[in-house]
Amino acid sequence: MHAQAAWWLHPLELADRMTRFSTEAWALSCNTLARAAGAKTQDVVKPQPDDTRFTDPVWSENPSWNALKQWYLLFTRHAQDSLYATPGLSGTERRRAAFWWRQWLNAVAPTNFLWLNPVAQRAAVASQGATLKAGWQNFMEDLRAGDIRMADPSDFKVGRNLGQTPGAVVARTRLVEVIHYTPTAQAVHRMPVVIITPWINKFYILDLTSRKSLVRYLRDAGFDVYITSWKNPDAKMRDVRFDDYLLEGIDATIQTARTLSGSDKVHAVGYCIGGTGLSMYMAWANRRYAPEAMPVAHWTLFTTLVDFAKPGDVEVFIDEGSVRYLTRAMEQRGYLDGRDMATSFRLLRSNPLIWQYVVQGYLMGEKPPAFDVLYWNMDTTRMPYAMHAWYLRELYLQNKLIEPDALSVAGESIDLGRINQPLYAVAAEDDHIAPWRQAFRVMNFVRGEKRFVLSSSGHILGIVNPPVQPPKREYWIATAHRTDSAHAWRERAEHLAGSWWEDWTAWLGERCGEQVAPPPLATAAYPELAAAPGEYVLER
């Protein structure tokens with residue numbers, strides 16, 4: 001409504017925008033008539049390189065279908081460009097208006113409807129209707145599941161073909177199970193690696209199949225590895241606060257690893273919101289402990305935000321009204337349902353994450369692919385009301401984490417400037433959840449030696465990025481300074497093919513101490529409570 005009103009209040013800009021549209025529409029009309037007459041002409045409007053909806057040759061070769069495609073793309077592009085150019089609105093409001101219009105435009109794409117999709121019609125005729133019958137069965141199965149499934153749940157089972165690296169749960173609180181993995185090397189680095197995973201998803205994204213497992217890669221490289229497996233909270237945990245996550249989750253895990261390994265210090269790793277939590281812990285611990293007693297010697301962040309001024313596409317869901325509405329809903333239920341968050345993230349990329357599965361599943365009659373990352377993405381978790389309401393308001397809305405001593409957590413004021421331990425940080429080039437330029441901002445707040453890596457791909461595949469031959473991905477890497485901008489860093493960064501995992505393990509190897517005999521998997525003080533992957537990860 002704001003965008004619409006803004007255009008009516010700026011008639012000159014509106015007239016200019018309509019003139020542009022009229023010019024493009026006239027060019028497309030001429031193109032459509034020429035195609036109908038049999039001329040071989042280039043498309044006036046072409047899909048974006050990553051838009052796979054119109055890749056079938058029929059959309060280019062048949063004049064009628066080609067015209068439908070081009071007119072849809074012209075209207076879509078004009079609407080989106082106009083909203084992004086709306087005069088008299090803040091950038092955030094423009095992006096929010098464009099986002100919701102984009103959802104409608106994606107929903108009404110001709111590819112989503114049988115009578116407007118020549119590829120689906122052709123498949124139905126060729127199969128004598130079998131694709132439509134299978135599509136109806138897929139639709140009914142999704143209806144019963146209450147979700148548009150991206151993977152068939154029967155293809156995977158955690159502990160059987162996912163999260164299968166051997167280990168043991170050696171500690172358990174009401175919030176976390178601490179998993180210690182069985183060493184395979186004859187000797188390990190004295191200092192253990194402790195991974196703080198996001199509590200908005202399950203930990204086994206870092207331990208998928210044996211080929212994709214970062215946990216297994218670290219273990220085989222001679223590191224003693226511990227990881228957090230977070231409790232899937234229900235309404236009984238409505239009052240659990242962020243303080244509890246820091247003390248009973250992050251700190252409890254680090255103390256367990258210190259005691260069991262016999263090392264005074266650990267290397268800590270934080271992924272996504274787990275990295276934000278670890279950043280707070282580092283500031284908290286630097287205030288709580290004397291320098292010589294600091295339990296973390298150095299640390300790593302994966303796709304982590306500490307500055308939420310520009311949190312990426314997710315900002316369309318974050319404003320006073322949205323947070324107030326969400327907080328009331330969480331207060332009534334006692335938690336945020338994981339499906340709600342999963343739906344929000346899928347809307348950020350609705351074509352590849354929603355409509356592609358509608359077309360392939362319902363119109364083409366295809367079963368969801370057996371893809372481990374997509375299965376993990378569907379395996380959602382809940383979040384307690386008190387913790388998540390605080391997180392949204394204090395970090396996303398008010399962005400207090402970057403203000404020295406503006407936040408108080410677990411009895412200590414938080415100042416990122418107190419952190420002086422060496423940092424290795426990884427961001428992903430195509431990340432829409434933690435945009436890499438915003439993830440780089442941590443370099444401007446913490447002290448000490450810093451190494452920053454920009455990986456190709458997105459929020460998940462930029463991290464789940466094992467070395468392969470020939471290399472599938474690439475990365476940029478260089479030392480970072482507090483005064484650097486993301487642009488300045490990128491200009492001097494070294495560009496390499498392959499996976500940053502190899503550089504990271506070399507960096508860790510120089511800092512995690514000498515090689516010693518592996519510690520026991522469990523002890524009398526920390527007995528084996530369950531075999532990995534534990535019990536919390538299986539909770540629904």
Side-chain angles (χ1 to χ4, degrees), residues 134 137-172 175-182 184 195-220 225-234 271-272 274 335 337-343 345-346 353 356-357 360-361 366-383 459-461 463-466 521-522 528-540:
Q137 293 172 341
N138 291 340
F139 170 74
M140 294 305 297
E141 289 176 9
D142 282 0
L143 196 62
R144 284 190 288 269
D147 194 11
I148 299 173
R149 296 169 304 152
M150 296 187 290
D152 190 336
S154 64
D155 290 333
F156 298 100
K157 183 174 177 59
V158 179
R160 184 188 70 196
N161 54 2
L162 297 173
Q164 53 186 329
T165 302
V169 174
V170 295
R172 181 184 290 134
L175 288 179
V176 73
E177 288 183 333
V178 181
I179 298 174
H180 182 204
Y181 288 99
T182 306
T184 53
I195 304 175
I196 309 299
T197 54
W199 46 86
I200 60 173
N201 290 106
K202 296 187 176 179
F203 82 90
Y204 63 87
I205 187 60
L206 297 179
D207 186 30
L208 286 169
T209 62
S210 58
R211 185 178 63 85
K212 296 179 181 178
S213 173
L214 179 60
V215 163
R216 189 178 290 256
Y217 184 83
L218 285 170
R219 186 196 65 163
D220 293 346
V225 183
Y226 300 75
I227 202 168
T228 56
S229 175
W230 297 96
K231 174 79 174 176
N232 195 359
D234 55 23
Y271 187 5
C272 186
Y335 57 85
D337 194 294
R339 287 189 180 183
D340 294 344
M341 179 160 287
T343 299
F345 285 134
R346 290 179 74 175
L353 296 181
Q356 174 180 310
Y357 294 95
Q360 296 303 117
E366 298 177 4
K367 282 288 187 182
F371 189 11
D372 45 20
V373 173
L374 294 179
Y375 174 82
W376 167 85
N377 197 63
M378 293 169 55
D379 193 5
T380 58
T381 57
R382 297 174 289 272
M383 279 175 287
H459 192 71
I460 302 302
L461 297 183
I463 302 302
V464 183
N465 187 7
L521 181 65
E528 180 175 341
L529 304 176
E535 298 174 4
Y536 282 177
V537 73
L538 303 177
E539 295 177 338
R540 299 293 178 185

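Everything quoted here is computed from the prediction, not taken from an experiment. Along the sequence shown, the residues carry numbers beginning at 1.
- Each of Leu162, Asp152, Asp155 was compared with Tyr375 under the side-chain contact (heavy atoms from CB on, under 4.5 Å) criterion, and only Leu162 meets it.
- Contact annotation: the side chain of Asp379 approaches that of Arg540 to within less than 4.5 Å [non-hydrogen atoms, C-beta and beyond].
- With rounding to the nearest 0.5 angstrom, the CE atom of Met383 is 9.5 Å from the CH2 atom of Trp199.
- In this structure a side-chain-to-backbone donor-acceptor pair under 3.5 Å is missing from Glu177 to Ala171.
- Counting heavy atoms from C-beta outward, Asn377 and Met150 have side chains that approach closer than 4.5 Å.
- Of the listed residues (Ile205, Ile196, Thr197, Ile195), just one forms a side-chain contact (heavy atoms from CB on, under 4.5 Å) with Tyr271, and that residue is Ile205.
- A pairwise comparison of heavy atoms in Thr165 and Ser213 identifies OG1-OG, 3.8 Å as the closest pair.
- Closest approach of Pro369 and Tyr357 over heavy atoms only: CD-CE2, 4.2 Å.
- Taking CD1 of Ile148 as the reference point, atom CD of Gln356 lies at 12.0 Å (rounded to 0.5 Å).
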Stepwise side chain to side chain donor-acceptor pair (under 3.5 Å) test for Asn232 and Thr381: CA-CA 6 Å; Asn232 195 359; Thr381 57; 5.0 Å; no
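- Contact of the Val373 side chain with the Leu208 side chain is registered, since non-hydrogen atoms from C-beta on lie closer than 4.5 Å.
- Residue Leu374 holds its CG atom at 8.5 Å from CZ of Phe156, rounded to the nearest 0.5 Å.
- Considering all non-hydrogen atoms of both residues, Pro466 and Lys212 come closest at CG-CA, 4.2 Å.
- By the 4.5 Å heavy-atom criterion applied to side chains, Arg216 and Gln164 are counted as neighbours.
- Using a 4.5 Å heavy-atom cutoff, the side chains of Asp372 and Thr209 are in contact.
- Side chain of Asn161 to backbone of Lys157: a donor-acceptor contact under 3.5 angstrom is found.
- At a threshold of 4.5 Å between non-hydrogen side-chain atoms, the residues Lys231 and Glu535 do not count as touching.
- Judged purely by atom type and a 3.5 angstrom limit, His180 has no side-chain atom pairing as donor or acceptor with the backbone of Val170.
- Between Arg144 and Met140 the shortest side-chain heavy-atom distance falls below 4.5 Å.
- Taking all atoms of both residues into account, the shortest heavy-atom contact from Ser229 to Pro533 is OG-O, 4.4 Å.
- Between Trp376 and Tyr204 there is a side-chain heavy-atom pair separated by less than 4.5 Å.
- A side-chain donor-acceptor contact under 3.5 Å links Arg382 to the backbone of Pro233.
- The two residues Leu353 and Arg346 have their closest heavy-atom pair at O-NH2, 2.6 Å.
- In terms of heavy atoms, Pro166 sits closest to Tyr181 at O-CD2, 3.4 Å.
- Between the side chain of Lys202 and the backbone N or O of Val537 there is at least one donor-acceptor pair closer than 3.5 Å.
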